[in-house]
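Both counts, for ligands and for their atoms, begin at 1 and track the order of listing. Basis for what follows: all heavy atoms, side chains included, without hydrogens, waters or symmetry-related copies. Predicted model, so just to flag it, every value in this text is computed and none were measured.
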Amino acid sequence: MVAKILNHSIFKNVVNFKAGLILLLTVTLSYGQSVKDNTNVVTVLMAKALIDVQNGKTVVNPVLYIRNGKIEKIGTGLPIPDGAKIINLSDKYILPGLIDAHTHLCHEYYGELERVSGANIIIETVKLTEGDRALLGAKYAREMLMSGYTSVRDLGNSGMNSAVALRDAINKGWIIGPRLFVTTRALSPIGGQFSKMTPEVQNVIISKEYIEINSIDDARKAVRQAIYDGADCIKIIVNNGRLVLSEEELTAIVDEAKRAGLKVAAHATNGDGPSLLAIKAGVSSIEHGYTLSSEVLQLMAEKNIYLVPTDAQGVERYQKRIQRAVAAKVKIAFGSDLYYYNASITRGQMAASSYGTYKEAGMTNLQILQSATMHPGDLLAGEGKIGLLLNGYFADIIAVEENPLDNIRTLEKVVFVMKEGEIIK
Ligand SMILES: [Zn+2]
């Protein structure tokens, strides 16, 4: 790998201070970035068909040139250059890697503990160290990637900064996992998402998971702290029961985040009120928004604010809200929001089975595919990087046995995974 070769070179050049300095500088600059094979060999990937998720078309016999982790060229009948590495998926359908816009990889609840209200979050916060949380995240990150999730946005409940450590470990090649976009502790009203606790323990426990906002100064400081801690985006809890962040606090959060180029994801559950406050403040996505009205959804469409539904199966009022969102042309970005321990299924398999909730709400297979790839791609990384198979995009590619435009459940059985040009599965 690149870093190793550079280290050897440093030893060889130890007497040559100047050369050593340049090499050291190279090592420093690459620290924290992906450890990639930088050889200039082109990889040629061929498949039975490519799913154009933007236009809903099936392109037969596609040929993709992949170089340095990116898609260099796509076409049909392209020649195979001399010395190219060939990947032949001639009986498979390829599409962009799946993207999950709402995960909690360093977070795990147990169904049994639900018998005591609030027990799960207290036990997790008290029992697990930051190291435990990051390693738990390593397990779930791997599971997500193996199911075809090449990018994931992790939205907190990860202790102090465990998701940052997880992201960096993946980027450095220590472990495998999706490309992560992470928040640090969520900004919230007093109490975070903890239910009532004794006064003596509140300060100790809550601050491990949330930054409580009680003024505009708190709001600005919390965003700056998150940026310093390594956040890629900011998560806010607009309300915890009747405690709601004020309009001024929300505006300060978004203003401070935008100044540093970070987007804000707003947790808002039932009703229009909390979501509307967040929308007015200029957040980039509403997480959950279970029962949003058509008026609010139209406002979101106008302001290009994404809806990240994280719905349980079979709930009619959630399904009706999906229908209203589709009618209002709100961009829907898929979010699994799954964090209960389950011995019989991986986190990635669980996430992929969640597309069924969109299907039962009446979304077409193409709309589901767009919510699973291009929409979260733009939300997480900005346009032109992930979520589509186009020239210049990262070579995040998965393959399935059937055409997902005909059978969306084929996404539950991803047979090939490439992340940034590297074959994972
Ligand atoms: Zn969540």
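- Using a cut-off of 2.8 Å, one finds that H267 contributes no N/O/S atom close to the Zn ion (ligand 1).
- With respect to Y340, the ring pair (Phe, Tyr, Trp, His ring centres under 6.0 Å) criterion is satisfied by exactly one of Y110, Y140, Y109: Y109.
- Within the structure, no pair that satisfies the side chain to side chain donor-acceptor pair (under 3.5 Å) test touches residues 369-387, not counting sequence neighbours.
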- [ ] Would you sort out whether E256 and R259 count as a salt bridge (charged side-chain N to carboxylate O under 4.0 Å, His left out), showing the intermediate values?
- [x] CA-CA 5 Å; E256 200 66 41; R259 212 152 57 83; 2.4 Å; yes

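- When distances to the Zn ion (ligand 1) are checked against a cut-off of 2.8 Å, H104 contributes an N, O or S atom below that limit.
- Salt-bridge annotation for R167 and D154: absent, with no side-chain N of the basic residue lying under 4.0 Å from a carboxylate O of the acidic one.
- Here D337 meets the criterion, with an N, O or S atom under 2.8 Å of the Zn ion (ligand 1).
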